[in-house]
A.B. asks: 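Take a look at the following structure, please.
Here is the naming used below: chain letters follow the sequence lines, and residue numbers restart at 1 for every chain. Below, all heavy atoms of this structure are taken into account, side chains as well, without hydrogens, waters or symmetry copies.
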There are 2 protein chains.
Amino acid sequence: MRSDALRNRLRILEAAETVFAEGGTAAPIDDVAARAGVGVGTVYRHFPTKRALLEAIVRHHVDEIVDATDGAEGDPEAFFRFVERMVSVAGSHRELAEELALFGECGEEALAFKADLTERLDRRLACLLAAAQTSGAVRADVTVEDVHALIGGTCVVAGSGGSSPERLAAIIADGLRGGPPRGAAPTG
Amino acid sequence: MRSDALRNRLRILEAAETVFAEGGTAAPIDDVAARAGVGVGTVYRHFPTKRALLEAIVRHHVDEIVDATDGAEGDPEAFFRFVERMVSVAGSHRELAEELALFGECGEEALAFKADLTERLDRRLACLLAAAQTSGAVRADVTVEDVHALIGGTCVVAGSGGSSPERLAAIIADGLRGGPPRGAAPTG
DNA sequence: CTACGATCGGAGCGCAGGTTCCGGTTCCAG
DNA sequence: CTGGAACCGGAACCTGCGCTCCGATCGTAG
């Protein structure tokens, strides 16, 4: 790959990261190109489709969050850190929140990606959840789907409104615990 | 008003209810018109704007849900019924979920409506929350904004995924309680 | 029944955004 | 240095959708 091509590719990714974070998945490609200091044509040479660019970024985020729990699969509290991190990151990345939340209603072309994303996420989530449940930190009747849905929903609202992502994450965490000590405050 | 005009108005509302429930706020007006068995022009004579039609429907839903708690402002458990009902209705009405969740990022024209909606909702929510907190059913440090955000987020995912709205509502309710009896199952 | 005005329907306008195309430019092998 | 392949940029195209317009139609007062 030519050096200018590589440079532009990185610029595009960086620009898209910012633009999608602020404007969500609905942000126009033109904005990405403009912010990258590049023409739309260049964007489309590197990513065949808007969706492809979006997926590259979302996947990167998810991988980063999942990888952050590497080696902690046995730690009961790692589950809560995972949830907190997810909500926190999504709070400043609208596109991530949207992709996490909407898994029922997406076009044919997005289905494969959603399935892959869900698998990556849920595989790790299942490990962490199992550890947390075994240790009694999380009630036994909660399923991975429950957690996935709750995280998705919380992510969507984490970036707006008067509550911080941390507060919201703490409250749903308590709901999952099956009850913290009475009177415990949500952190934040 | 002429009788055919009234008939069409009702048909449009009914069609919009269904179309928006399935397709969310992004559903095109043409679909509404088609389902109502009417031309687009007719829709626009009754509702000056797509947004106006949408707001009519969302407001109706919110009013219905709020009114359902009339006279129960002192009942500590009414708060939970309110949350449950909200999430449950939004689970089969995408447009309601979208309007509830996205209160940061909306165009100029929607701002007044959002403000009004938030006020109606939060006024009643404040009453019910206060009663629940006074009786000790809900932890004292939770704010109306927390609850509003959590409801909004849960509503968004209530309609998709593997978890029922009731399960999700039960889990966040427990998070708000500050802990149910250990081992309690989320209903549903 | 008739006439008039309210109402209807859907073709069409304007705009926004995803995608394509191609002439000009830039990098690198020879 | 230089030829040509890869790359760049942005004008242009196409589709989808909110909304408007106006001739045709329908309900109702008289």
A.B. asks: Should A:R45 be listed as having a side-chain N or O under 4.0 Å from OP1 or OP2 of D:dA6?
C.D. replies: no
A.B. asks: Under 4.5 Å between side-chain heavy atoms, chaining through other members, with only Ile, Leu, Val, Met, Phe, Trp and Tyr counted: pull out the rest of the cluster around A:M1, sorted by chain and number.
C.D. replies: A:L6
A.B. asks: With DNA chain D as reference, determine whether B:P48 or A:R9 sits nearer its 5' end, using the nearest nucleotide of each.
C.D. replies: A:R9
A.B. asks: Donor-acceptor pairs under 3.5 angstrom involving side-chain atoms of residues 14-25 of chain B: please list them, not counting sequence neighbours.
C.D. replies:
residue : atom : partner : partner atom : Å
B:E17   : OE2  : B:H61   : NE2          : 3.2
B:T18   : OG1  : B:E14   : O            : 3.3
B:T25   : OG1  : B:E98   : OE1          : 2.4

A.B. asks: Is the phosphate of C:dC8 approached by B:H46 (side-chain N or O, under 4.0 Å from OP1 or OP2)?
C.D. replies: yes
A.B. asks: Report, one pair per line, the protein and nucleotides 15-18 of chain D atoms (nitrogen or oxygen only) whose separation is under 3.5 Å.
C.D. replies:
residue : atom : partner : partner atom : Å
D:dG18  : OP1  : B:K50   : NZ           : 2.6
D:dG18  : OP2  : B:I29   : N            : 3.0

A.B. asks: Identify the heavy atoms of B:S135 and B:P76 that sit nearest to each other, and give their distance.
C.D. replies: OG-CB, 3.1 Å
A.B. asks: Between B:R120 and B:D116 (salt bridge meaning N to carboxylate O under 4.0 Å), is one present in this structure?
C.D. replies: yes
A.B. asks: Check B:R123 with B:E119, please: is the shortest side-chain N to carboxylate O separation under 4.0 Å?
C.D. replies: yes
A.B. asks: How would you list all residue pairs meeting side-chain hydrogen bond (donor to acceptor under 3.5 Å, both in side chains) that involve residues 29-41 of chain A, not counting sequence neighbours?
C.D. replies: none
A.B. asks: Looking at residues at least two apart in the chain, or sitting in another chain, which of them share a side-chain contact (heavy atoms from CB on, under 4.5 Å) with A:A173?
C.D. replies: A:F80
A.B. asks: Return the polar atom pairs (N/O with N/O) between nucleotides 27-29 of chain C and the protein under 3.5 Å, or none.
C.D. replies:
residue : atom : partner : partner atom : Å
C:dC28  : OP1  : A:S3    : N            : 3.4

A.B. asks: Taking only Lys NZ, Arg NE, NH1 and NH2, and the carboxylate oxygens of Asp or Glu, determine whether A:R177 and B:D174 approach each other closer than 4.0 Å.
C.D. replies: no
